[in-house]
Every structure is written in structure tokens, then in C-alpha cells.
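Here the structure comes first, spelled out in C-alpha cells, and everything after it is commentary.
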Amino acid sequence: MHCFRHRNLMTFADPLLPAEKRQLTRLAGDLVRWAGTDGRHFPWRLPAATTYEKIAVEVLLQRTTANAVGRFYAEFFARFPSWEALADARPEELETFLKPLGLWRRRAVSLLGLARYAAKTNGLFPTDPRLHRDIPAVGQYVSNAILSFQHQQRTPLLDVNMARVIERFLRPRRLADIRYDPWLQAASHWFVRRGDVQSANWAVLDFAAIICKARTPLCTSCPVNTRCAYFASL
DNA sequence: AATTCGGGGCC
DNA sequence: GGCCCAGAATT
């Protein structure tokens, strides 16, 4: 029994140090409080937004600024109010519709593939993320969004922004790819471990967009700079 | 695990 | 003009 437990721990060792866990928990609380006053507001975060909207908008958000999607949101979901409406769209019309947002060719393919899948399953996605592998336009990020928005699971919306915040605050990841770095995966999951998952996810995304920006982070006005490793190294 | 894809927005 | 953006698909 002891041998098995030991080997198990060695194989699946928790990559997070206890100190890192404490810092992430405290960071999450601070950022949620910060977002309560300084966070952004988008239509897909409102209670009125359907699960369809919350998931479909993730495709609109890919490699695109959230503000641009915010301007585009109302007309898009007025024209395509359901998976079925989106699945029945003519590809040419969808492409034309998406042009103001950019990446319209690729996005049209993604949205149509995703909508045709979802229309067949009545908008229900599998609970097991391994079954998301073959769904068009669903990578790790959208998979986590599905698990979070449809199945109420504690999954982080881990993208370049959440990664940047965590890495600056604690330490850089070791692997190049966000999806395969065990430490970053564990850290992002720990970040959303307590409290409201969506609030924590949105808080860190807003914080990354407004304060902890990629190029010129506003460290002097950062609410957590006294504990930030990046700020300490400046 | 690294490269490719790919277009508006912003500095 | 170069870099950034709520990544996915491909090799």
C-alpha cells in the first residue's frame, strides 16, 4: 500500500508548492474584488445570455479583442439566435457577416462546424473533455469554456492572458505551450478553486487586459504589485 | 512541441 | 509597420 501510494505520488506529483497555492488563492480573491469595481462589462456575461451565446462567442473572441466582439455582439446574435440558425446559415452570408471582425474565412468554417455539431446534439456537449477532441473549433480553451458554462465545472479559461498574469505573479512556465505545462495547468486550476468560477475567470481576463498588459503593464497602479515577482524584478 | 494560419486594432 | 488579441489545426 505504501509503495503504491509513493509511486503514485511520484508519477502524478502536485507541481504546485504550498506557498504558490496560498498566493494564487489570495490573488484570485484580490482580482475578483478589483474586478468588482474596475472590471469590464460584456453582453455575454449577462444572465440573459444563453449557453449558446456564451459558447459561440468564444469562437468570435479567438485572437480578437473583446472590445471588438462587444461592438459586434448584438447584430451577430440577432441574426443567428441559436445553434440551428447558425447551422443553417449560408457560408457566403456568414463570411460576409464576419468580415468586420476579421479572421472571417477561418471563423466561418469554425462556427459552421461547431453549430452543425451542436444542432444535432440539441446544444448539449459531452461532460468528458476527451470527447471534445473531434468537435470542430473546440480546443482546450473552448473545451474549458463548455465545461464551465454548460456543466458548471471548475475549469479555468486559460489563455495567453491568464497565463501571463500567473507567470508574472509567480514564475514563468517551463514548456512553450500553455496546454502542456503541468505547473501552469495546476496553477490556473487552483486559481478558480474557490468562490465563483466565472467571476474568477473574468476577473483575471479583465485584469490582464487593463493592468497586466502584455506590452506595457501598469505595475505602479497594480493592486497586487507588492506580492508580484515580476514587479519585484523590475 | 513547434509551426502555421490570418485579419482587425492599436501604438 | 510591428505587435497584440478570451486559439485551433496541422505536422
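By convention in this document, chain letters (A, B, ...) are assigned in the order of the sequence lines, proteins followed by strands, and residues within each chain are numbered from 1. Quick caveat: nothing in here was measured; it's all calculated off a predicted structure.
Heavy atoms of other residues, nucleotides or ligands lying less than 6.0 angstrom from CG of A:Asn122 number 12 at most. The number of heavy atoms from other shown groups lying within 6.0 Å of CZ (A:Arg171) is above 12. The local environment of CZ in A:Arg227 is crowded, with over 12 non-hydrogen atoms from other residues, nucleotides or ligands closer than 6.0 Å.
Checked by distance alone, A:Arg107 brings no side-chain donor or acceptor within 3.5 Å of a matching partner on the base of C:dA8.
Residue A:Leu218 contributes atom CG, which lies 14 Å from atom C1' of B:dC11 at whole-angstrom precision. The nearest whole Å value for the distance from the CZ atom in A:Arg71 to the P atom in C:dA6 is 12 Å. Across the protein-nucleic acid pair, A:Leu101 atom CG and C:dA6 atom P stand 12 Å apart, rounded to whole Å. Distance A:Gln140 CD to C:dA6 P: 17 Å, rounded to the nearest Å. Going from atom NZ of A:Lys213 over to atom C1' of C:dA6 covers 17 Å, rounded to whole Å. Residue A:Asn67 contributes atom CG, which lies 11 Å from atom P of B:dC11 at whole-angstrom precision. Protein atom OH of A:Tyr141 is 11 Å distant from nucleotide atom C1' of C:dC5, rounded to whole Å. B:dT4 atom C1' lies 13 Å from atom CG of A:Leu103, rounded to whole Å.
DNA chain C lies under 4.0 Å from at least one heavy atom of each of the following residues of residues 45-66 of chain A: A:Arg45, A:Glu58, A:Leu61, A:Gln62, A:Arg63, A:Thr64, A:Thr65, A:Ala66. Shown for residues 158-169 of chain A: residues whose heavy atoms fall under 4.0 angstrom of DNA chain C, namely A:Asp159, A:Val160, A:Asn161, A:Arg164. For DNA chain C, the residues of residues 196-212 of chain A within the heavy-atom distance limit of 4.0 Å (strictly under) are A:Trp202, A:Leu205, sorted by number.
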Let's go through A:Ile178 and A:Tyr141 carefully: what are the C-alpha distance in whole Å and the side-chain angles of both, what is the deciding distance for side-chain contact (heavy atoms from CB on, under 4.5 Å) to 0.1 Å, and is it a yes or a no? CA-CA 10 Å; A:Ile178 290 172; A:Tyr141 180 89; over 6 Å; no
Stepwise, does the side-chain contact (heavy atoms from CB on, under 4.5 Å) test hold for A:Asp134 with A:Tyr117? CA-CA 10 Å; A:Asp134 296 325; A:Tyr117 172 92; over 6 Å; no
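Comparing atom distances between the A:Ala214 side chain and each of B:dG7, C:dA6, C:dC5 picks out C:dC5 as nearest.
One finds the NZ atom of A:Lys54 at 9.0 Å from the CG atom of A:Leu46 (value rounded to the nearest 0.5 Å). The distance from atom CD1 of A:Ile166 to atom CG of A:Leu184, rounded to the nearest 0.5 Å, is 5.5 Å.
Through direct or indirect side-chain contacts shorter than 4.5 Å among Ile, Leu, Val, Met, Phe, Trp and Tyr, A:Leu234 is connected to A:Tyr230, A:Phe231. Here A:Leu131 is tied to no hydrophobic group at all, with no ILVMFWY side chain closer than 4.5 Å.
Under the 4.5 Å side-chain heavy-atom criterion for grouping Ile, Leu, Val, Met, Phe, Trp and Tyr, A:Val57 is not connected to A:Val109 through any hydrophobic cluster.
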Within the sub-3.5 Å range, which N or O atoms of nucleotides 9-11 of chain C have a protein N or O partner, and how far apart are they?
| unit_1 | atom_1 | unit_2 | atom_2 | d |
| --- | --- | --- | --- | --- |
| C:dA9 | OP1 | A:Ala137 | N | 2.7 |

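Each of A:Leu157, A:Asn161, A:Leu31 was scored for a side chain to side chain contact (heavy atoms under 4.5 Å, CB included) with A:Val204, with one residue passing: A:Leu31. Of the residues listed (A:Ser221, A:Pro217, A:Cys219), the one engaging A:Ile211 in a side chain to side chain contact (heavy atoms under 4.5 Å, CB included) is A:Ser221, and it is the only one.
Within 4.0 Å (heavy atoms only), A:Arg215 reaches at least one base atom of the nucleic acid. A:Lys99 comes within 4.0 angstrom of sugar-phosphate atoms only, judged by non-hydrogen atoms across all strands, and of no base.
Side chains of A:Glu53 and A:Tyr73: a donor-acceptor N/O pair is present below 3.5 angstrom, by distance only. Counted by atom type alone, A:Trp190 and A:Glu20 present zero donor-acceptor pairs between their side chains at under 3.5 Å.
Here, B:dT4 and C:dA6 have their P atoms 24 Å apart, quoted to the whole Å.
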